[in-house]
Number of protein chains: 2
Amino acid sequence: MEPKKTSKGEQTRAQILEAALDLFRERGYEQTTMRAIAEKAGVAVGNAYYYFESKEHLIQAFYARTHEEHMAASREVLDQERGLRERLLGVMRAKLDTIMPYHQFAGVLFKTAANPASPLNPFSAESLPVRRQATEIFAEVIAGSDTRLTPELAAELPNVLWLYQAGVILYWIHDSSPGCARSYRLMERSVKLVLRLISLFQFPLLRPFLKELLTMVADLRSEPMPAPLPAQTVE
Amino acid sequence: MEPKKTSKGEQTRAQILEAALDLFRERGYEQTTMRAIAEKAGVAVGNAYYYFESKEHLIQAFYARTHEEHMAASREVLDQERGLRERLLGVMRAKLDTIMPYHQFAGVLFKTAANPASPLNPFSAESLPVRRQATEIFAEVIAGSDTRLTPELAAELPNVLWLYQAGVILYWIHDSSPGCARSYRLMERSVKLVLRLISLFQFPLLRPFLKELLTMVADLRSEPMPAPLPAQTVE
DNA sequence: GGCTCTACTTGAACGCGTTCAAGTAGAGCC
DNA sequence: GGCTCTACTTGAACGCGTTCAAGTAGAGCC
């Protein structure tokens with residue numbers, strides 16, 4: 001639409017981003033300097049800051065990339081499978097598969113992502129859109145399956161599953177078994193447990209318990225996580 | 001025992017640490033420079049590095065301090081109460097109470113603690129002693145209570161409770177409600193749920209489920225979390 | 001009193017993320 | 001062709017964590 005305004009800038013932006021991601025892959029995040037990125041991209045250091053607020057913000061691009069890959073991979077699974085088990089398992093496996101190539105710098109990613117003041121923080125307002133999208137995948141896992149759930153459970157479950165997924169990723173980040181085999185095992189076994197839990201909760205006996213759990217979760221989510229503390233500045 | 005060897009050095013070390021903690025409280029972690037710490041302590045910058053490997057390592061001291069306070073506070077509760085509910089609630093409340101004064105720089109704490117390559121990481125080999133101690137508190141919560149649990153559950157539950165506690169702290173870190181009221185509410189409500197879960201698991205109906213859950217948890221814990229990835233250097 | 005050894009201490013210098021004042025190049029208008 | 005405006009670009013400089021070569025002071029020994 002406005003090719004004049006963007007084309008040149010967009011190109012520079014892309015050059016910087018590619019240079020950054022290449023170098024991150026090659027030698028890791030910490031070992032990559034902004035000077036090196038600028039040099040590889042053929043621009044001045046200052047220019048990188050014209051396009052990206054900070055070194056951390058360069059990660060956000062990579063983040064988005066992974067997310068999109070996962071969405072695509074999930075779509076395939078969800079178009080194929082009808083069983084709740086297969087759908088959940090497929091989506092979870094797709095997630096691990098997508099992030100596997102980046103395992104070596106997962107730590108840094110997580111470190112910045114975990115900072116409450118960071119825009120990369122998955123609970124932050126800035127990443128709400130991505131979080132919502134990710135939750136929607138789980139909503140689809142449930143909605144498109146041949147298993148019928150009580151409405152209350154179906155309403156809150158996607159958020160719980162998103163949290164569950166975050167837990168698995170947390171384990172994965174710390175996992176250095178070959179090929180992250182332990183993470184895959186955790187994922188498979190815990191999916192089974194999650195499904196058992198879900199079917200258990202259909203028992204009337206457990207209804208009051210489920211109800212309390214769900215209202216708690218919903219209540220805690222109700223007020224969106226507030227903005228980063230003003231006192232705390234990101235470095 | 002060796003007062004000669006240590007006294008002078010220990011004193012300098014203490015000076016630096018106090019200066020650091022004071023400044024952290026006053027203006028936060030990021031805003032405090034090593035130069036400022038050194039100046040306040042009346043030593044040269046380089047000297048601070050003789051006693052502490054890095055700025056991050058200064059946090060570890062604070063970490064240890066909090067942990068000890070919590071142990072003391074828990075002991076009081078555990079000496080008083082016999083009910084499982086009261087004991088767990090008391091220990092969890094003590095935890096929040098202990099860390100509350102440091103809420104403002106919890107973010108930074110967590111950020112470094114979350115880095116798999118950091119010595120502060122609660123899963124790291126370096127913090128195993130503290131983790132074990134913390135888990136032992138939960139073991140005592142159970143052992144000293146008037147509630148009888150199946151041996152398998154009693155064996156694995158402390159670890160699960162430690163993880164549960166970590167989850168609550170994670171929420172607290174991101175909580176900016178006044179006085180962290182939401183965190184306290186989460187804690188109280190989730191303790192109730194945990195207790196219900198525990199009693200639910202005494203039903204024979206749920207035994208196989210419990211068994212699978214426990215073997216999974218035990219299995220994942222069995223191999224200790226390996227050393228930090230070699231590729232990943234801490235900045 | 002001098003020698004040696006060890007535990008501590010210094011501060012200049014380095015590397016790197018980030019900022020900012022000073023450009024520059026092209027588009028649009030006259 | 002010149003004027004102006006905007007989008008982009010530059011690289012020197014700053015601040016801060018960290019390192020390191022060069023001390024220094026006291027203890028123990030002769």
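The basis for the numbers below is simple: all heavy atoms, side chains too, and nothing from hydrogens, waters or symmetry mates. Naming: A, B, ... by sequence-line order, numbering from 1 per chain. Computed from a predicted model, the values in this text were never measured in an experiment.
- The side chain of A/Thr33 has C/dG17 as its nearest neighbour among D/dG17, C/dG17, C/dT10.
- Looking only at atom types and distance, the side chain of A/Tyr184 has no donor-acceptor partner in the side chain of A/Asp175 under 3.5 Å away.
- One can place CZ of B/Arg13 at 11 Å from P of C/dC8, the figure rounded to the nearest angstrom.
- Per the geometry, CZ belonging to B/Phe52 stands 18 Å off C1' belonging to D/dT19, to the nearest Å.
- Pairing of D/dA25, defined by two Watson-Crick or G-U wobble distances under 3.5 Å, is identified with C/dT6.
- When both distances must be under 3.5 Å, the Watson-Crick or G-U wobble mate of C/dC30 is D/dG1.
- Residues B/Ser74 and B/His70 have side chains that bring a donor and an acceptor to within less than 3.5 angstrom of each other.
- Nucleotide C/dG17 holds its P atom 4 Å from the NZ atom of A/Lys55, rounded to whole Å.
- In this structure, B/Arg13 is not positioned above the aromatic face of B/Tyr50 in the sense of NZ or CZ being under 6.0 Å from the six-membered ring centre and within 45° of the axis.
- Here the side chain of B/Val45 is nearest to one of C/dT18, C/dG11, C/dT10, namely C/dG11.
- Judged by atom type and distance alone, A/Arg35 reaches the base of C/dG17 through a side-chain donor-acceptor pair under 3.5 Å.
- In this entry the distance linking CG of A/Asn47 with C1' of C/dT24 reads 12 Å, nearest Å.
- When the P atom of C/dG15 is taken as reference, atom CD of A/Glu30 falls 18 Å away, rounded to whole Å.
- The pairing partner recorded for C/dA13 is D/dT18, the criterion being a Watson-Crick or G-U wobble arrangement whose two distances lie under 3.5 angstrom.
- For the pair A/Thr12 and D/dT9, the criterion of a side-chain N or O lying under 4.0 Å from OP1 or OP2 is met.
- Checking D/dT18, D/dT9, C/dC8 against the side-chain heavy atoms of A/Lys8 singles out D/dT9 as nearest.
- Of the charged side-chain nitrogens involved, at least one lies within less than 4.0 Å of a carboxylate oxygen, so that A/Asp219 and B/Arg189 count as a salt-bridged pair.
- The interatomic distance linking B/Tyr50 (OH) with D/dG23 (C1') rounds to 14 Å, in whole Å.
- You'll find that the side chain of A/Tyr51 is closest to D/dT9, out of D/dT9, D/dT10, C/dT19.
- In this structure, A/Gln15 atom CD and D/dC8 atom P are separated by 13 Å, rounded to whole Å.
- Between A/Glu18 and A/Lys40, none of the side-chain N atoms (NZ, or NE/NH1/NH2) sits under 4.0 Å from a carboxylate O, so this pair counts as no salt bridge.
- The side chain of A/Tyr49 contributes no N or O atom lying less than 4.0 Å from OP1 or OP2 of C/dT19.
- A straight line from CD1 of B/Ile37 to P of D/dG17 spans 8 Å, rounded to a whole angstrom.
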